[in-house]
Novice: 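Structure incoming, see below.
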Amino acid sequence: MADTKQEIVRIENLHKRYGNLEVLKGVSLSISEGEVVVVIGPSGTGKSTMLRCINLLTRPDAGGIWVSGVEMTNPRADINRARENIGMVFQDFNLFSHLTALQNVTIALTKVKGMKPEAARAKGLEELEQVGLADKANAYPAQLSGGQKQRVAIARALAMDPKVMLFDEPTSALDPELIGEVLEVMKKLAKSGMTMLVVTHEMSFAREVADRIIFMDGGYIVEDSPPDQLFTNPKSDRARLFLSKIESYHRTEGPPMGGRG
Amino acid sequence: MQNAEAVFSSLPYIGRGIPMTLIITTITLAFGALIGLPLALARVYGNRFWAGLVNTVVQTIRSIPLIVIIFIAFSVLSDLQLPAFVAACLSLAIRSSAYQSELFRGAIQSIGPGQMMAARALGFTRIRAIFHIIIPQALRLAIPSWSNEAAVVLKDSSLAFAVGVLEMMRRADYVRARTGNAILTYALVGIIYFLMTFITNRLLDQLDRRLSVPMEGS
Amino acid sequence: MSALLSYYQSILPKLWAGTLVTLQLSFWALLIGFAIGLPMALARIYGRGLLKALAIAYIELLRGSPLVVQLLLIYYGLPQLGIVIPGTTSAIIALGLNSAAYQAEYYRGAILAVSEGQMMAARALGMSRLQAIRHIVLPQALRLVLPALSNEVAYMLKYSSVAFLIAVKELTAMGKIAIGRSYKARETWLLVAVFYIILVNGAARLMQYVERKFKIPGLQMEEVH
């Protein structure tokens, strides 16, 4: 069914190394419109690096990346324009510290998209409403909880009307009791048909929302399957080992909403 | 004390040097900021060549006593028929720009890399991210150190008297020579300077509070 | 070009003699600054009432007024009180008293940066307040203060130049004397500047060495300005 839809992200044979450490050893991936793809795997296996290569925050050493038809890896591509189509949510929020929640959402609308201030304001309030934070529009980041910050960050990314949303461990920096509110917003977003690529350790979220789970290890995509299959009957030993470790953690000490990775 | 009355009656004469002191200080700080901020940006965001060059120049200027900078400027500018006032302001401004580039650099570097990353992810170019996201934060963060620099410049403007600029210190020197009461003259001038630095710092504190937004960590 | 070089050669001995005086002024000023500044810092932190108020008044007044004013006050003021001392001594006293105010603030910052917990743990072990300051707080604070002290060393080397105003024959004064004979102002001041650049950067190297030597892993502080 996915193949009938338009391809939003395509990655071909992506390589990246930092000094002596080869983080990505040839990763290929395709994501169609409306798909929710969750990336799991042990720490340090290149999941976040792959995500950052997609909008070129990290420059790949080799390989090709296309996002809604734009070849990101082409040196002549207008990367700033292309990035408007790619929403990104960071592990540590990265809200602009000197701006209120509303200004955080509107600044790129006015300065990058060239929207009129009133229109941007209306759009910003709408987006904050969507993440349940309209009443915090005038609060500064330092006055918000971690969960609220991350919801503002999601609203900020969504306001640009992106074609795809990248989530880089969006709940890893949160206290356990704040994880739920962020996952709720992400679930709602998934249901609305947004194309999403999510790096996370939240297995319950992956199981419930993902169309496909990608298991990465050692710089490769080891497995790419629907959640049912990956969780109940993983093809690779490495995925099986990883999942059993996660599960034993949850049985013994995991908080109700899932682990913190 | 000898001639105390003469000193006190000369206070208005000394006080008329206050505007000159303030003018030198204001010009210096303004030019220092105008040059210092771009230098700071070059040091943080410039390529290796520019950052290295600016670093070396700043480090060199910071190693020379202000009075020697003033004498160099004076010896060059007096050949060009420019008054000592210009030499004093220019020297103070050159030195202040070196120090201000330090404090702005510190402020910029205390802003986490995530701010730039988030801006780029939203489609900001590097330049626009610097202008809309980094500089507004850096300027706020720099106010306390800038207040300190303002006090330094205010006090060091007194060195302009060494090349004959008729500011407060020069006037005090005349009064001391005429009355012979150095203790009272310089104590009074010292107190005037102290009050001026005190008020300057307070005003900038106010500005800091007025502009402050609840920022975390930084 | 060779005329310039031979001029430089002719004033080198003078500038060298001035350099030694600059070093001498700075050394004694820093020492006086330490001897007065540390007790001032302790008085400001741990003292009460009049003692604390006096420490604060001293520190703020000296930091809030120009060094030139302080220098001339002492140079012209002491004879007024019947105390006649050489200019060099006046300069050392003025620079030393000035440095004391700045050093006091550096020590205060460093002492405050040593965590409350350290003092508490020392008291819990049965040390008196004084013992805790002496054996626990100060050894840490003095290491923490080294970067700020490096600044102060550079500051003294540069600001001792104001002593030329009272005819102390340090580096800047020697430059002036040389110009008085040769009328080569620009050339002379550039060479004087080079002397200071070497002096200040050399001192910075030396202080870096001291910092490394006394460094304790994990114990450090943001630079104080």
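On a predicted model such as this, the values are computed, not experimentally measured, just so you know.
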Novice: How close do B:A118 and A:R156 get, heavy atom to heavy atom, and via which atoms?
Specialist: CB-NH2, 3.4 Å

Novice: Do other residues, nucleotides or ligands put more than 12 heavy atoms under 6.0 Å from B:I127 CD1?
Specialist: no

Novice: Tell me, side chain or backbone of A:F90 under 4.5 Å from chain B's heavy atoms, or both, or neither?
Specialist: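 Interface part for A:F90: side chain.
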
Novice: Specify which of A:V112, A:N55, A:L166 makes the most heavy-atom pairs with chain B at under 4.5 Å.
Specialist: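 Option with the top pair count is A:V112.
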
Novice: Let's test your reading of the structure: which of A:N94, A:N80, A:T100 forms the most heavy-atom pairs below 4.5 Å with chain B?
Specialist: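 With the most close heavy-atom pairs to chain B, the winner is A:N80.
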
Novice: Grab the two heavy atoms, one from B:Q137 and one from A:S97, that are nearest each other, plus how far apart they are.
Specialist: OE1-OG, 3.5 Å

Novice: Look up atom CG in B:L211 and atom NE2 in A:H98, then write down how far apart they are to the nearest 0.5 Å.
Specialist: 12.0 Å

Novice: At a 4.5 Å cut-off on heavy atoms, which part of A:I86 comes close to chain B: side chain, backbone, both, or neither?
Specialist: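 Backbone of A:I86 only, per the 4.5 Å heavy-atom cut-off to chain B.
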
Novice: Which pair of heavy atoms, one from B:Q115 and one from A:L95, lies closest together, and at what distance?
Specialist: NE2-O, 2.6 Å

Novice: I'd like to know whether NZ of A:K163 has more than 12 heavy-atom contacts from other residues, nucleotides or ligands below 6.0 angstrom.
Specialist: no

Novice: Please state whether the side chain, the backbone, both or neither of B:R120 comes within less than 4.5 Å of a heavy atom of chain A.
Specialist: both

Novice: Chain B: which of A:E84, A:R52, A:K111 shares the most heavy-atom pairs with it under 4.5 Å?
Specialist: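 Highest number of pairs under 4.5 Å: A:K111.
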
Novice: Are more than 12 heavy atoms, taken from residues, nucleotides or ligands other than A:R121, located less than 6.0 Å from that residue's CZ atom?
Specialist: no

Novice: Using a 4.5 angstrom heavy-atom cutoff, name the option from B:P113, B:A119, B:G114 with the most pairs to chain A.
Specialist: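 Of the candidates given, the most pairs with chain A belong to B:G114.
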
Novice: Within a 6.0 Å radius of atom OH on B:Y13, are there more than 12 heavy atoms belonging to other residues, nucleotides or ligands?
Specialist: yes

Novice: Look at atom OH of B:Y45 and say whether more than 12 heavy atoms of other residues, nucleotides or ligands are closer to it than 6.0 Å.
Specialist: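 Buried by this count: over 12 neighbours within 6.0 Å.
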
Novice: Using a cut-off of under 4.5 Å on heavy-atom pairs, state which of A:A157, A:G87, A:A82, A:A108 scores highest against chain B.
Specialist: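 Among the listed options, the one with the most contacts to chain B is A:A108.
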
Novice: Assess the residue pair B:M117 and A:M88 against the criterion (side-chain contact (heavy atoms from CB on, under 4.5 Å)); give the C-alpha distance rounded to whole Å, side-chain angles, the decisive distance to 0.1 Å, and a yes or no.
Specialist: CA-CA 10 Å; B:M117 205 160 38; A:M88 184 158 202; over 6 Å; no

Novice: Measuring heavy-atom distances to chain B, does A:R81 have an atom under 4.5 Å in its side chain, in its backbone, in both, or in neither?
Specialist: neither

Novice: Is the closest side-chain heavy-atom distance between A:F96 and B:L122 below 4.5 Å?
Specialist: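 A side-chain contact under 4.5 Å exists here.
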
Novice: In terms of heavy-atom proximity below 4.5 Å to chain B, should A:D92 be classed as side chain, backbone, both, or neither?
Specialist: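 The answer is neither part of A:D92.
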
Novice: For A:E129, look at atom CD and say whether over 12 heavy atoms of other residues, nucleotides or ligands are found less than 6.0 Å away.
Specialist: no

